Asker: 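What follows is a structure written as structure tokens; I'll ask about it next.
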Amino acid sequence: MLSGGQRKRLAIARMLAILASLLLARVSTAVSQANINIFLARTYEYEGGSKFTDTQFDGHYTKFGIILPTLEKWNKDTGGGDYDNDKKITWNDIRLLTWIEATKIYKGLYWDLALADSIRSQRIANIIVDFVVNSGFRQDFIMHLQKEVKVEQDGIIGKKTIQAINRADECELFNNLLR
């Protein structure tokens, strides 16, 4: 159980992580585009921020919402993630994960692959990236998205899908994706 001082420090650390993400978010007045820092501020808030969860969640330790299989994939794809330099990815690497590294992981494994920087609506980018974070790049979801924006359902988020997302009515698409 955390002491009053520990709870206060944890709350301050969470708030600082959220504020830092929001401050890093660049707001464009010309053509608004979705911004990963806005997505991450919400994600880190929901995921408990920098708190290392030492009780297993769904069979995995977690920090910033990153679990061991995600860190193992990051290691396989980039060679990163071995923060204790013991040549293997373990729960200790999750414990040592920093906000900067977690941000790189979300960007590299999810945000960039969903082409979310090209999506104008923050809400739509958030729901798409949140889905792929939690479920992977499942073809059935991507094809459902493509059906909703009326493009060929090939299961790949590409230029035509992004253009159609940006032309779609934001509220209608958002509600339809939640179905």
Side-chain angles (χ1 to χ4, degrees), residues 1-26 34-117 119 121-142 144-145 157 174 177-179:
M1 186 161 214
L2 297 175
S3 70
Q6 289 173 319
R7 281 194 302 273
K8 185 175 181 179
R9 282 190 298 278
L10 181 61
I12 290 170
R14 283 183 181 163
M15 194 57 128
L16 287 174
I18 292 166
L19 287 173
S21 290
L22 290 173
L23 287 173
L24 290 173
R26 288 177 272 152
N35 187 298
I36 189 170
N37 294 308
I38 296 169
F39 169 77
L40 289 175
R42 296 187 67 215
T43 300
Y44 291 162
E45 178 184 7
Y46 292 133
E47 295 292 347
S50 63
K51 179 183 176 208
F52 172 68
T53 305
D54 57 1
T55 54
Q56 293 191 6
F57 172 78
D58 284 349
H60 302 288
Y61 296 100
T62 183
K63 185 173 178 184
F64 298 109
I66 304 293
I67 59 175
L68 195 58
T70 302
L71 195 57
E72 289 170 336
K73 177 165 179 30
W74 181 247
N75 179 263
K76 181 181 172 208
D77 291 356
T78 69
D82 183 13
Y83 305 117
D84 58 8
N85 297 312
D86 67 353
K87 308 277 190 262
K88 54 189 173 212
I89 304 300
T90 66
W91 66 269
N92 194 47
D93 295 303
I94 294 288
R95 188 181 63 77
L96 296 171
L97 184 67
T98 66
W99 174 74
I100 291 169
E101 290 300 313
T103 298
K104 288 178 188 176
I105 292 168
Y106 277 106
K107 183 166 175 36
L109 292 182
Y110 307 109
W111 186 266
D112 290 347
L113 293 177
L115 304 179
D117 278 334
I119 298 172
S121 165
Q122 186 71 50
R123 288 176 59 199
I124 299 301
N126 287 356
I127 196 170
I128 292 170
V129 176
D130 185 62
F131 185 87
V132 297
V133 164
N134 290 297
S135 301
F137 279 90
R138 291 190 12 216
Q139 266 198 322
D140 60 332
F141 171 74
I142 296 169
H144 172 66
L145 167 65
I157 298 176
F174 184 83
L177 290 176
L178 290 178
R179 284 194 270 144

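This structure is a prediction, so every number in the text was calculated from the model and none was measured.
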Asker: Just to verify, what does Tyr83 make a ring-ring contact (aromatic ring centres under 6.0 Å, His included) with, not counting sequence neighbours?
Answerer: none
Asker: Provide the closest heavy-atom pair for Leu113 versus Phe137 in the form atom of the first, atom of the second, distance.
Answerer: CB-CZ, 3.4 Å
Asker: For the pair Asp93 and Lys63, find out whether any cationic side-chain nitrogen is under 4.0 Å from an anionic carboxylate oxygen.
Answerer: no
Asker: Roughly how far apart are Leu40 CG and Ile105 CD1, rounded to 0.5 Å?
Answerer: 11.0 Å
Asker: Where the side chain of Asp130 meets the backbone of Asn126, is there a donor-acceptor pair that is under 3.5 Å apart?
Answerer: no
Asker: Please say whether more than 12 non-hydrogen atoms of neighbouring residues, nucleotides or ligands are located less than 6.0 Å from CG in Leu178.
Answerer: yes
Asker: What is the ring orientation for Tyr106 with Phe39, classed by angle as parallel under 30°, tilted 30 to 60°, or perpendicular over 60°?
Answerer: perpendicular
Asker: Just checking Lys107: does its NZ atom have more than 12 heavy atoms from other residues, nucleotides or ligands closer to it than 6.0 angstrom?
Answerer: yes
Asker: Would you call Glu101 and Lys104 a salt bridge, using N to O less than 4.0 angstrom?
Answerer: yes
Asker: Could you tell me how the ring of Trp91 sits relative to the ring of Tyr61: parallel (under 30°), tilted (30 to 60°) or perpendicular (over 60°)?
Answerer: tilted
Asker: Do any N or O atoms from the side chain of Asn75 and from the backbone of Gly80 form a donor-acceptor pair under 3.5 angstrom?
Answerer: yes
Asker: About how many Å separate CG of Asp84 and CD1 of Ile94, when rounded to the nearest 0.5 Å?
Answerer: 11.0 Å
Asker: Mind checking the OG1-CH2 spacing from Thr103 to Trp111? Nearest 0.5 Å is all I need.
Answerer: 12.0 Å
Asker: Locate the shortest heavy-atom distance separating Ala114 from Ile157; write the atom from each residue and the value.
Answerer: O-CG2, 3.5 Å
Asker: Measuring from atom CG of Leu177 to atom CZ of Arg179, what distance do you get when rounded to the nearest 0.5 angstrom?
Answerer: 9.0 Å
Asker: Can you tell me how far apart CH2 (Trp74) and CG (Leu68) are? Round to the nearest 0.5 Å.
Answerer: 15.5 Å
Asker: Rounded to the nearest 0.5 Å, what's the gap from CD1 on Ile66 to CG on Leu71? Could you check?
Answerer: 7.5 Å
Asker: Please name the pair of heavy atoms, one in Val129 and one in Ala116, separated by the smallest distance, quoted to 0.1 Å.
Answerer: CG2-CB, 3.8 Å
